[in-house]
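Chain naming here is simple, since letters A, B, ... match the order of the sequence lines and numbering starts at 1 in each. If you're wondering where the values come from, they're calculated on a predicted model, not measured in any experiment.
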Amino acid sequence: MSAVDTPTLLLLGNPNSGKTLLFNRLTGLRQKVANFPGVTVELATGSSSELGLDLVDFPGIYSLNPLTRDEEVAVQSLQKHLQSSKVRGVVCVLDVTRLERSLFLALQLRQECTRTNRPILFVLNMMDQIIAHKVQVNTKILQAGLGAPVVEVSAKTRKGFQDLNESLTKLASHDSQAAPALSGDTNHLKALAKDLANKAGLKGDLLLRSQYRIDRVALSSFWGLVIFCFTMIFLFQAIFSWSAPLMDGVESIVMSLAELVVPLFGKGVTADFVRDAIFGGFGSFLVFAPQIFVLTLIIGFLEDSGYLARAALICHRPLSFFGLSGKSFVPLLTGHACAIPAIFSSRNIESPKKRLLTMITVPLMSCSARLPVYGLLIAALIPAHTYLGGLVGLQGLSFFALYLFGIVTALVVSGVLKGTLLKKTSDAPFILELPPYRLPNLLAILRKSWDRSLTFVTQAGPTIFVVAVVIWALGYFPNNGELDQSYLASIGQWIEPVFKPLGLDWKFGVAILMSFLAREVFVGTLGTMLGIAGADEDFHGLAEQLHASGLTLASGLALLVFYAIAMQCVATLAVLRKELGSWKIPSLLFVSYSLLAYLAAFSVYTIVNWLAL
Amino acid sequence: MAAPNLWNLRENQKALVKDFCPSLLTQHRNRFIELGFRQGESVKCIKTPPFGAPHVFEVSNTVFSISREDASKIFLLIEQ
Ligand SMILES: Nc1nc2c(ncn2[C@@H]2O[C@H](COP(=O)(O)OP(=O)(O)OP(=O)(O)O)[C@@H](O)[C@H]2O)c(=O)[nH]1
Ligand SMILES: [Mg+2]
């Protein structure tokens, strides 16, 4: 924690200009960086011990007149920060490859800073890009035109950081002066920006031409569609098939560890506890971490390449049909990792109505917390047949079908709500800036995915562990290992009638109920109970045990459908409450998604049983 | 005859911004101006993707995609 009066600088600029990367470099933090506009949607504060400064990273804005929620957050907080005396100045980050557009905001910010008597520093970022194109900018002209110091840097290569550090220190010191006053409205500033960009030496579309060449293919009628479909199929197929060997690896590690550790406790309650609760409960959950790793890895590649904005564009029309926007694409896609950041990222959608529909439907995406549940049930129910020489697997296809099911349900829900509840709400234009294509940085993405999987395990871990311990204790006592005569079984009898129509016994009832805390808990809970029930001392994978326990295909599919729809995540509900300002919609969603999930599961169970007869 | 609008531009065609449809809200019109679509500014259509997807335009050295509803509210002066 920094002291109360640490000098603070504010990092502002256009979306996708590299503010967050710069912020991360200066503070050593790891805020999310990605190659599309509107990644940062909330303020982040960090400190640079080297400079003795606090820095605040803002969401990107096109102007000081906000249109989207993230811009609103930025502009409102800017006004608030500029009233605080510890805020010494503003750092305006400009994307040098899109200078004319960047200069408009730069001039607006300069007006604002002068009005509040704060010095401003202009940072020309992405210098590596223009050096690669062998063009130059005239910083002197810019400096004169902007009335404040200008430094050239590359947040990527760290070029120019020495100058930057000096300039930042100077900016935060008391001898920096606000820039001279500049009057003029939007039109005037726009003209000024154009003139300045031309004089400084970056005209025309030189830097955009390589982007156009790729877009000619990526956005064409035939190839555009092929690339889009291929990317999506690849994404969902890879989550299953790439992570399979990794998961097998983790599973065998967990099992050999169990074989090594459990005997150390001899025989009796402690040994049973370690085997059933720790390895059976917590260990079974750990097995699914690799899937989350692979998922974030692939999404990371897409985010960095610049393709996501194109995919959003291609999807705009079809999504509009269902009441969503092309800008819903990124929240919906990243919702497959986790609904929480996805709901935040919908702040970037201009239309309040489409934003609301996006937030409502994001929880239906098959998030990574559902992966363990899907993975377990698919492994237990679906045979591992492969076709086309191992290219397509039945289990992989089942995964794909579940993803598709989530997406289709979301579209139907959104389409129905669009036509009924939200008919009259107003709309806003769809404007999406297309970022340049960039080669993703493998190392950075690997690190990001590793971080993400680690957070997933460490965040869900404690809950899962506690639940596993409680479930174990209730399932083990009073008859030391007789699950069917345990406390848990007596509690379970109460729940059983609810799940009986789905062909599920009380054990599943308990697991489902527990997973309203968080979905991942399902696997750990079931693992613990089956661990107690399995009398033999051998260690098997949980899927194998589940298969042996006699779960029918109909009930298994019903379970999958239930998990695909139900809103079993307290954290998501809390975030929805934060974004919507009341509990009304979140609680409505909770009830309706749970009912819908149950009804859908019941239908599936009935239909499969009927077909099987 | 209706004035040509941004949506009418063919790929690689350039034009100058003339004015906006009166039905466009002031707040939204201002945003378009801030992004570069102001009177007399030159715009170029880069790509008209299939299936009614938003068209891609270059204006003030930046690339934006704009949907049909919105693009058709920006009127143009097409040079021959
Ligand atoms: N080549 C190059 N790429 C950069 C540089 N700085 C940032 N980038 C890339 O530009 C993209 C955007 O970076 P961010 O830091 O997320 O941009 P931002 O300004 O925080 O964007 P928003 O949060 O959306 O406003 C990422 O793909 C970065 O890797 C740079 O100096 N050179
Ligand atoms: Mg950012």
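Side-chain N or O atoms of B/S65 include one that pairs as donor or acceptor with a backbone N or O of A/L432 at under 3.5 Å. Of the possible donor and acceptor atoms, none in the side chain of B/R31 sits under 3.5 Å from a partner among the backbone N and O of A/P66. With A/K190 contributing its side chain and B/I33 its backbone, the two residues share no donor-acceptor pair below 3.5 Å.
Each of B/A53, B/P54, B/S67 has some count of heavy-atom pairs under 4.5 Å with chain A, and the biggest count is that of B/P54.
In this structure, B/F64 and A/I431 approach most closely via the heavy-atom pair CD2-CG2, 3.9 Å. The minimum heavy-atom distance linking A/L219 with B/P50 is given by the pair O-CD, 3.4 Å. In this structure, A/E433 and B/T62 approach most closely via the heavy-atom pair OE2-CG2, 3.3 Å.
Taking 4.5 Å as the limit, some side-chain heavy atom of A/L225 sits within range of a side-chain heavy atom of B/F51.
Looking at A/L189, neither its backbone nor its side chain comes within 4.5 Å of chain B, counting heavy atoms on both sides. Residue A/Q108 touches chain B through its side chain alone, counting heavy-atom pairs closer than 4.5 Å. If you measure heavy-atom distances from A/A312 to chain B, you find no contacts under 4.5 Å at all. At a 4.5 Å heavy-atom cutoff, the contact between A/S221 and chain B is made by backbone and side-chain atoms alike. Contacts of A/D215 with chain B are made by backbone atoms alone, with heavy-atom separations under 4.5 Å and no side-chain atom involved.
For the residue pair A/N65 / B/E34, a side-chain donor-acceptor distance below 3.5 Å is found, with atom types taken as modelled.
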